[in-house]
Every structure is written in C-alpha cells, then in structure tokens.
Protein chains: 2
Amino acid sequence: MRNVTLKQLKYFEAVAATGHFGHAASLCSISQPAISVQIKELEESFGTALFERSARQVRLTSFGEGILPRVQGILRAVDDLGDLARAAQDGLTGRLRLGIIPTVAPYLLPKIVGNLALEAPDLDLHIRETLTDKLITELQEGRLDAAIVALPVSEPSLTEVPLFEEAFVLVRGEAEADKPVPSMENLREMRLLLLEEGHCFRDQALSFCGMRSNLPREGMEGSSLSTLVQMVGTGIGVTLIPEMAVPVETRSADVSIVRFPAPQPSRQIGMIWRNSSPMAKQLMQISAVVRRAAGAKEGTSA
Amino acid sequence: MRNVTLKQLKYFEAVAATGHFGHAASLCSISQPAISVQIKELEESFGTALFERSARQVRLTSFGEGILPRVQGILRAVDDLGDLARAAQDGLTGRLRLGIIPTVAPYLLPKIVGNLALEAPDLDLHIRETLTDKLITELQEGRLDAAIVALPVSEPSLTEVPLFEEAFVLVRGEAEADKPVPSMENLREMRLLLLEEGHCFRDQALSFCGMRSNLPREGMEGSSLSTLVQMVGTGIGVTLIPEMAVPVETRSADVSIVRFPAPQPSRQIGMIWRNSSPMAKQLMQISAVVRRAAGAKEGTSA
DNA sequence: CGTTTCTCATAATTTAAAGTTATTCTTACA
DNA sequence: TGTAAGAATAACTTTAAATTATGAGAAACG
C-alpha cells in the first residue's frame, strides 16, 4: 500500500467541500483527473471508499464523513506549523539561554532584563551566571545559546561580538582618597586583593599590574567584587574593579576610587555563540540591545 | 515555497529521535542524502532551521523542539486514519440508516434489532419507518443507506435483494371461525377493509382480490394493520394481513384467521440500496442477518 | 428513444519530485 | 597534520504526480 500524503488529504477535503471533482480540482488549481487519481489512491490506501459517486452527485460515505473532521484537523495542524515558524523567525521570540560571567552579571543584568522586556517581550530569557570556562563548555554542549564574557575567548567554534570596553579602577582605603594616582611601581608594592582562581577578571587585573599569576599571597582572595571592596574598606589592601561595578559596590564601603590616566587599563566585554547557531541573526540583534543597555561606546564588528 | 509533506515530517521526527542523519536514514530505510535534502527543504519551507548541525552533533533548534510534539501529533493522527479505515471496512461497524415499511416494521424490527445487536454490536442502527415511495426518495437522496420493502421496486438505480416470501391471511369475525375458506367470489362480496392510500400492502391486497384500486367505499380504511384487525373484531368486515402480523395483531381481538390454499397469496419482502453504495458488501451481510432474523425460507439472489 | 450533456474514470505522455551512488567539505581528534 | 566521521552536494535514475485527450455511464431533453 502506497502512503497517504498531505496532498491527498487536501484534495479529499476539497472534494468533500464541493461535492464535485471538477470544482475541487479548480479549487486546488489542478486538473480533474489529478484529483480523481489521488482520491482513488487515497481510497486504496484506506481500503475503503471515501465517496459514493452516482451520476449527478458525489457524496461522502459514512467512513469519509467520519474522517473528514480529523483530516481537517490534520491540515490545520500542518498550517499551524507554518504560522509558528513565521512567528519564530522574525522578531525575538522563543527561549534564549544566556550565560554571563559573575564580574559583569550583577551590574549589567538589571539593564539587560529591563531593555529586553521592552524590546523583545516575547523572549523567554534564561540566565546562567558562572565562570568563563564553564560558560564555554555549556555553550559548546548546546546547553546555552549565548554568553557574555570578556573577549577574546579564541575558540574557533565560537563567534565573538564585542559589546563594550570596560575600564578598571583602583579601589583603596578612604583615607588615601587625596593621595595621587599610584604609579605602576607603587601598585606592585601594594597588597592587591584578587578574586579566586578561575575568574577571568583576576587574570586581567594581574596582567595589568604586570604580575605573574602565581604570585598571590594567602588570605588575599575574595569570591566576589563585593567582598573585595569590603576587604579594602577594612584597610587590608587595594583592589581593582571594573568601572561598571563602581556605583553598586562603593556605595556602602569606606573606600575611594582612583581612575588611571590613559592608557587606561580595560577589558573588552563581548557576546559569544556557536558558529553553527541558527539563531545567529537574532543573537546579533540581541547583542545590539545589550550594547545599548550597557550604555557604552559602540564596539566594532568581529 | 514548496509544500510541506508528510514524508518530510516523518524524516524530521526520525532525525530528532536519533540526533543523527545517517541513523535516521536507515530508520526510514532510505539513504542519508535523501534525508538531508528533505530536511533542508522542510527548513526552507519554514524559513527557519530545525536542526543545528555541528561537526559531531545534530541538535534540535528551539523552534524544532517547539514543533516536534506537534509533528508527532500530526503523524499519529494520520496513522489513526488508517486504523479507523481498518476498523470501518471489515465487520459491520459505523452508522446504518435503514428504512422499513410500516406493514413489516412492527413485526420484523424486534427480531432484527435483537439479532444485529448480537452479530454486529458495533453497528449504529438508525431506523426510519414510512411508506415505500418516501423510503425510495430518501434512499436516492442519500438520507438512507438501505430499506426493507416489498419487491419489486424496479428502480434501475437501486439494487434489490429478496429477504423472504410472506403469505397473506384473511382476518374475519370470530363468529365465522368455523366457516369454510371463502372462494374468490365470496371474497369480492365481503366488505374488505384496507389500509390508506400509499401503503403498498393495500395495493397487494387489492391485486390479490382482483379488484381495481378505485373501488374502496367510505369508512373502510385504516391507518395500520392493528386498526384494521380491531375493526374486523367489531364485525364491520374482513381484511387481509401478512402472516407475520398474525401473532401480534390477533392476540387481543375477536377475530379468526383463515389461510388460503395454495397458491397462497403472498408478497416478497426484500432489501434495497443504491447501486452506487459502497456499503454493498456490508449490506449484503446485513440482509443475511435480517433473513435469518425473519426465520423465513431463503430467498434467491437478485 | 436516441441524443446531448454532465461528470468521473482511464490512458498516454510530460514534468517534477524523491531517491540512489559517488564525492566533497568541515571539523574533531589522535 | 593526517585520518575519520558525518553532513552536504552533484550527477543521475527512478518514481510519483501532473497534463491533455479520450472514454464511458447515467441523467436530462427534445
């Protein structure tokens, strides 16, 4: 037995609707024999007549009558697939699983969520905050759709798009507020508080200070920027934090902020996703939204 | 845009299930390129990717994930059509709209209904009782599937199948119970009570008595055999009824029954349906059930 | 009653779609 | 950096679905 096709079901519906092979044919924009043959094959597939043909009339058999609503349901369901597709492709809809590194998430997220809620209300946003390495793994395993990290990540299977440049500022005790900007040498002599191993910002800070990553002394690591700033407030040492974190983290700590003269230390934050991601176009749109949300200078294309 | 086909949906389901084009292909018993091409066309139809192909893995996109359950629903619905067909064709199932003439219905129906309930429990039986002319009209208009009437009807568009031969008996007053069987001449002199115009049995009775149909005198017509027998019981005249009606109609009336010597007057009851009816096979089966239900001598085939 | 008309079925042929094998391209992995 | 895995592409074949033309059966009509 040959298989049932959607075409046959469409023709069946048309004949049922018109009660006339010829009219059904023109309704389907094909010739009458084409309909006849396809209906016949459908009947052979079922092993039962769908229509009763008498000279002047074409009537549904009771079986045909029985399956008609089901057939209509099937055809409608198939059409709906197309509608879904149309809804899904243009505009930002559906689920977006976005990873963000911890040194960016708390400061950027409120803005992102707010902007996306406005500009992409149909987007179902899932956020995951963790270290860069983990984000990359999850991205490659298909458990995330995109991630916001510090560039570059230099994974050949991932596409990078810059979002904004983020300067680092020095956080020191409130007492030193009026002292001059320390030189590099000064900096190296200070007790620099760092994030734990794994945070990319830790490496970026070390790199700026021209230190090797195996330098750190005991008791000088914190698990978040917030902790570091609090530690600075107690006078243990100094630390670096990204510009973006300043308003939030220094609000309630006895610390002062120092901005370096140009060339300012900084890092580039960007968005990454699999090269193979079919959401690329949407992700590009989303990256633009995020960029605007960050209120930062436009990055150049990857 | 080319149309979506059921094949494509099947292949889509297979690839989604296996996460591998090659495996999906062998699952569908076709070659891998065939799957690739069909999936690609499906994606083009939708204007969106269904799968994300990276070198080692094939993953559903969120859109693909979204439509997968719907697609499975569609495929299942199509399979169900086939099941329905199988259920409908063999065995007596579905709706059967059966018409029966009034001079047969009350006596035959109880037996038919009982037997069909046993032998075709899945049959949804609709009964319509009315005059032959109306039954034939409704049959030809497709409002009935079959009818039980007196043969012949001689409609070229209808198939006739004999069910049984039914003798007529004379009903006269109880007082005349011991009188001899009346001759034809006697009969013509009696006041013959008849059914109203339109009943075929009226014509059959008249024909047996060798009378013209325009003979009847006022006040001698009844609307049912039951009425006629009651009238006979009051002594107004005599009547003819079919053998089958005897047990029911003479139970509570002061009448006596006379069976004629051979050649007995009789009529043939049969079943009719449209030549074009696709239920012909089933109707033939049903006619056999009805024949057995009537407990009558086997009729010969039409 | 034959004849015309309506309408579905069938036949012959063409066109289009779907499948096959062979090959290429990409990417991961040793 | 070469090898292997797996999807894509190409060239070609097979199969399915159209088309046009024709046939055949029943109703309708003069």
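Quick caveat: nothing in here was measured; it's all calculated off a predicted structure.
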| task | List the steps, then state whether side-chain hydrogen bond (donor to acceptor under 3.5 Å, both in side chains) holds for B:Arg202 with B:Ser207. | result | CA-CA 9 Å; B:Arg202 171 200 170 96; B:Ser207 148; over 6 Å; no
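- When distances run from any side-chain atom of A:Ala34 to the nucleotides D:dA18, D:dA27, C:dA18, the shortest one goes to D:dA18.
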| request: Tell me, with the steps shown, if B:Ser26 and B:Gln32 meet side chain to side chain contact (heavy atoms under 4.5 Å, CB included). | output: CA-CA 8 Å; B:Ser26 60; B:Gln32 170 264 314; over 6 Å; no
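- Among the atoms of the strands shown, none is found under 4.0 Å from any heavy atom of B:Phe51.
- In this structure, CD of B:Gln32 is placed 15 Å from C1' of C:dA18, rounded to the nearest angstrom.
- Put simply, B:Lys7 has no side-chain N or O that comes within less than 4.0 Å of OP1 or OP2 on C:dA17.
- Side chains of B:Arg267 and B:Thr103: a donor on one and an acceptor on the other come within 3.5 Å.
- When the P atom of C:dG19 is taken as reference, atom CD1 of B:Ile39 falls 11 Å away, rounded to whole Å.
- Among the heavy atoms of the strands lying under 4.0 Å from B:Gln38 are primed sugar atoms or P, OP1, OP2 only; no base atom is included.
- With C:dC8, D:dT19, C:dT21 as the choices, the nucleotide that has an atom nearest any side-chain atom of B:Ser31 turns out to be C:dT21.
- Close to D:dG6, at under 4.0 Å from its OP1 or OP2, lies no side-chain N or O of B:Arg53.
- Atom CD in B:Glu41 sits roughly 14 Å away from atom C1' in D:dA8 (whole-Å rounding).
- Between the OH atom of B:Tyr11 and the P atom of D:dA7 there is a distance of 16 Å, given to the nearest Å.
- Using a 4.0 Å heavy-atom cutoff across all strands shown, B:Thr5 reaches sugar-phosphate atoms only and no base atom.
- Looking at the side chain of B:Ser157, the nearest of the listed nucleotides D:dA18, D:dA21, D:dA27 is D:dA27.
- If you check every strand for non-hydrogen atoms under 4.0 Å, A:Pro156 touches nothing.
- We find that CD of A:Glu43 is positioned 15 Å from C1' of C:dT10, with the value rounded to whole Å.
- For B:Lys40 and D:dT9, the shortest distance from a side-chain N or O to OP1 or OP2 is below 4.0 Å.
- Annotation: side chain of A:Pro102 is not in contact with side chain of A:Thr130 (no heavy-atom distance under 4.5 Å).
- Rounded to whole angstrom, the span from the CG atom of A:Leu6 across to the P atom of D:dA17 amounts to 12 Å.
- Checking A:Gln140 against A:Ser157 by side-chain atom types alone, a donor-acceptor pair falls below 3.5 Å.
- Checking D:dA7, C:dT10, C:dA18 against the side-chain heavy atoms of A:Ser36 singles out C:dT10 as nearest.
- Closest-nucleotide positions on DNA chain D for B:Gln57 and A:Ile35 were compared, and the one nearer the 5' end corresponds to B:Gln57.
- For A:Asn3 and C:dA17, the CG to C1' distance is 16 Å, given to the nearest whole Å.
- In this model, a donor atom of one side chain and an acceptor atom of the other lie less than 3.5 Å apart for A:Thr159 and A:Asn275.
- Of the candidates C:dT7, D:dT9, D:dA7, the closest approach to any side-chain atom of A:His20 belongs to C:dT7.
- Whole-Å rounding puts the B:Arg274 CZ to D:dA27 P distance at 12 Å.
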